[in-house]
Protein chains: 2
Amino acid sequence: MKIEMLSTGDEVLQGDIADTNAAWCGQELNELGLSFSRRQTVADNMNDIVDALQQAAERSDWVLVNGGLGPTSDDLSAEAAARLTACELELNQDWLKQLEAWYVAQNTKMPESNIKQAMLPKGAVMVDNPIGTACGFIVEHAGAKLIFTPGVPSEFKRMLKEQWFPQLIAAAPNAQAKVKRFYTFGLSESSLSDRFNDLALPEGVHLGYRSARPSIEVKLFYPREAPEYEQLSQVVRNELADHVFTEDQGNWALHLQQLMIAQGKKLALAESCTGGMLAAELVAVAGSSAYLDRGFVTYSNQAKQQSIGVPTATIEQYGAVSIETSQAMALGALKHSEADIALSVTGIAGPSGGSEEKPVGTVCFTLAEGDKCISQQLLLSNRSRSVVRIMSTAVAMDMLRRYLTGSPVLGDYQHLKRIDSADRIL
Amino acid sequence: MKIEMLSTGDEVLQGDIADTNAAWCGQELNELGLSFSRRQTVADNMNDIVDALQQAAERSDWVLVNGGLGPTSDDLSAEAAARLTACELELNQDWLKQLEAWYVAQNTKMPESNIKQAMLPKGAVMVDNPIGTACGFIVEHAGAKLIFTPGVPSEFKRMLKEQWFPQLIAAAPNAQAKVKRFYTFGLSESSLSDRFNDLALPEGVHLGYRSARPSIEVKLFYPREAPEYEQLSQVVRNELADHVFTEDQGNWALHLQQLMIAQGKKLALAESCTGGMLAAELVAVAGSSAYLDRGFVTYSNQAKQQSIGVPTATIEQYGAVSIETSQAMALGALKHSEADIALSVTGIAGPSGGSEEKPVGTVCFTLAEGDKCISQQLLLSNRSRSVVRIMSTAVAMDMLRRYLTGSPVLGDYQHLKRIDSADRIL
């Protein structure tokens, strides 16, 4: 089955919007054992769109058209579909009714420009959009089916999941591949590639890597009915060892939440350079209140002293960015909360504030439980303030994951230089 | 000048990576008064890549090729360029030396697979990559220049900014457009479009909208030498009124930081449903320590009581999500910090936890200074936990921006329903 995608719109071509829809859909198709044969982006220009539709329809079975269904004058997709199929636009009464009802529910008057969104090419099959004002539609042309979809990502995704993928699966029931996913932390892509270079893979099986800071995802693609699937998964698992944060799902916070709840423990956080990012990452998962007791964003030294009792002398003697201060923060967070385990992060996110002894990227971490402290000082890449903070958040999460699963809390990180560490209170 | 972009790689075509490079570059070109005439994505297949390069070179002046310069066997771009120009790959000694030096500096042995990254087509001009292992290069073919660039976004962006854009500007010195940007909050795209529908614009001038939750950016594009530029900017500014968060730069946290520092005030935060997201957003800007005193992530009721002294009776009587509790949180954050102003957020981010009276999306906010409290209870879209939290963070930031600039603190938000408000301590 040949599938291609045509994204329309100056805002995509000129980059005002990244084409995350295309990326998402490519991944989803992959899991159905399907793939795009081609992707194109054209501007909001009627002739260009109609030409591209014509060519795409001639060479493919399905053309996924995205964007251009909005209420404004530069939204041309419905008109382009009408020209392609040489028919008129007509008012779709069903969709108009839904639109009007939606605005009534919002207590808002429907702007006149929205009526345009109910004008579909004659003969098109309307595709429902339960969460937006742009319905989709399907037309047939030159032996292909063309599905027109809205640009808003949440609407696009839901429409495809509920209304297009089932059609594809029905048409290609044997295509689906098995995908085994390992979400790793602390390895580099080159070294992963080197590591698996000599691995002999059966016909049709391949490994893929996806780097999405802070994680690298290792994917093992399998044809549907392969008997060696489990065995080969185990080979990959053994090779990645304790660098695997999660399998099959990439939500680290969810994994930590499950581990914490299973062990009946509560967590407190004391954050300096991450400034709430660690807490926000954990709270992103519904149900986090079951284990996350509280967080202290102790950005100033005063806050460290007053809110969690870090001794002034510790900061003065060792500096705010030191293993000693990180330990005092973690122990202080334990003392000033109801938590069993505390994590602290204090570092120099930059771009300024570094010194020769402690350059930008220097970050100290402590995991504390009871009177036990495990600490490390790392030198992270100082590529940007944002990278330092994202990587710091990831390291803290990784320490907790390792602690809860019985792995060494101080991981063997390839690209994060360990300057110092401590396995007890200093 | 005709410019097109060719992205290579299964990981882009299949969506393992969103093509943010293309989006970014499209925007940058736009500001130079240039634009892509076309964008394509092809898979990691030698024949497809060479074909696409040949066609692109024939119809364009510049072809920006992105990706495929990595160390692994599916990185084909250099080989494709060699085939296109019918020449051999040869080892570039300069780049090999830089590579080796880079690994020495990292205290790591260079993996053998990296040598491939120093193999360039004979006659190609090497383009330096100061922050990565893949150098770029330029070859000429069929009257076009083809620039090959690495896929890693930070490397790609820096290479283009430092080494490609200057060449484009030199070749098209008069192309540059003026762009005036307004970053708005609280208006919908439809209503913006309706609002400006009747605005008569001079030849060559146009308005653009970019929706990037939580903001909508309104852009006024101007040809280089237009005398009415200031006047028309003022018309747009007046129309958007106090919905404009920032002009010209979209970093809200930076704007708040400048306002807070200018007024010599310190800030404390008390976050429940946003769980540190608000603090993290503010800390993302270097120098935030100058005004951000601290944050309390008081996710549990106990944390609200113990860390910032919210009375148990208030939570019991009005609920954790109430204007009363949000006021107690903000006043408590003031009391337990050195700050002048406090912001609090408490709400139901979902997907569960809602009730008929307070459905998912119900969020209460208070801005407090001294014994002054300004509060509101909004009903945000309950589309997802993440959307509720992002929008809550934005509302809190907007309240602070409005307060510091003398606008009404409770904005006239189109898509956020106000359930209740208070301009004093209840």
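The sequence lines fix the lettering, A, B, ..., with proteins before strands; numbering per chain opens at 1. The model shown is predicted, which means the values in this text are computed figures rather than measured ones.
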**Student:** What part of B:Glu271 gets closer than 4.5 Å to chain A, counting heavy atoms only: side chain, backbone, both or neither?
**Tutor:** neither

**Student:** List the residues meeting side-chain contact (heavy atoms from CB on, under 4.5 Å) with B:Ala349, not counting sequence neighbours, and say none if there are none.
**Tutor:** B:Cys273, B:Arg385, B:Val388, B:Arg389

**Student:** I'd like to know whether A:Arg38 forms a side chain to side chain contact (heavy atoms under 4.5 Å, CB included) with B:Val42, so could you lay out the CA-CA distance, the side-chain angles of the two residues, the decisive distance to 0.1 Å, and finally the verdict.
**Tutor:** CA-CA 6 Å; A:Arg38 193 179 173 122; B:Val42 294; over 6 Å; no

**Student:** If you measure from OG on A:Ser337 to CD on B:Gln302, what distance do you get to the nearest 0.5 Å?
**Tutor:** 9.5 Å

**Student:** Do A:Leu269 and B:Val297 have side-chain heavy atoms sitting under 4.5 Å apart?
**Tutor:** no

**Student:** Is a side-chain donor-acceptor pair under 3.5 Å present for B:Arg294 with A:Ser307?
**Tutor:** yes

**Student:** Please identify, among A:Leu292, A:Val152, A:Val285, A:Asp48, the residue contributing the most non-hydrogen atom pairs under 4.5 Å to chain B.
**Tutor:** A:Val285

**Student:** Among B:Val283, B:Leu282, B:Val387, B:Thr393, which residue forms the greatest number of heavy-atom pairs with chain A at distances under 4.5 Å?
**Tutor:** B:Val283

**Student:** For the residue pair B:Ala286 and A:Pro351, what are the closest heavy atoms and their distance?
**Tutor:** CB-CD, 3.4 Å

**Student:** Give, for atom CZ of B:Phe296 and atom OG1 of A:Thr298, the distance between the pair rounded to the nearest 0.5 Å.
**Tutor:** 10.0 Å

**Student:** Is A:Glu28 in contact with chain B via its backbone, its side chain, both, or neither, using a 4.5 Å heavy-atom distance?
**Tutor:** neither

**Student:** Please report the C-alpha distance between B:Gln306 and A:Glu338 in whole Å, then the side-chain angles of each, then the deciding distance to 0.1 Å, and finally whether the side chain to side chain contact (heavy atoms under 4.5 Å, CB included) criterion is met.
**Tutor:** CA-CA 10 Å; B:Gln306 294 169 355; A:Glu338 306 282 317; 2.7 Å; yes

**Student:** Examine whether an atom of B:Ser386 lies under 4.5 Å from a heavy atom of chain A, and if so say whether it belongs to the side chain, the backbone or both; otherwise answer neither.
**Tutor:** neither

**Student:** Quick one: does B:Ser300's side chain have a donor or acceptor within less than 3.5 Å of a partner on A:Asp293's backbone?
**Tutor:** yes

**Student:** Side chain, backbone, both or neither: which part of A:Ser288 has a heavy atom under 4.5 Å from chain B?
**Tutor:** both

**Student:** If you count heavy-atom pairs under 4.5 Å with chain B, which of A:Leu29, A:Asn114, A:Asp74, A:Asp194 comes out on top?
**Tutor:** A:Asp194

**Student:** Looking at A:Ala22, A:Ser35, A:Ala284, A:Pro71, which has the largest count of heavy-atom pairs under 4.5 Å with chain B?
**Tutor:** A:Ala284

**Student:** If I measure from the heavy atoms of chain A, does B:Lys266 come under 4.5 Å with its side chain, its backbone, both, or neither?
**Tutor:** neither

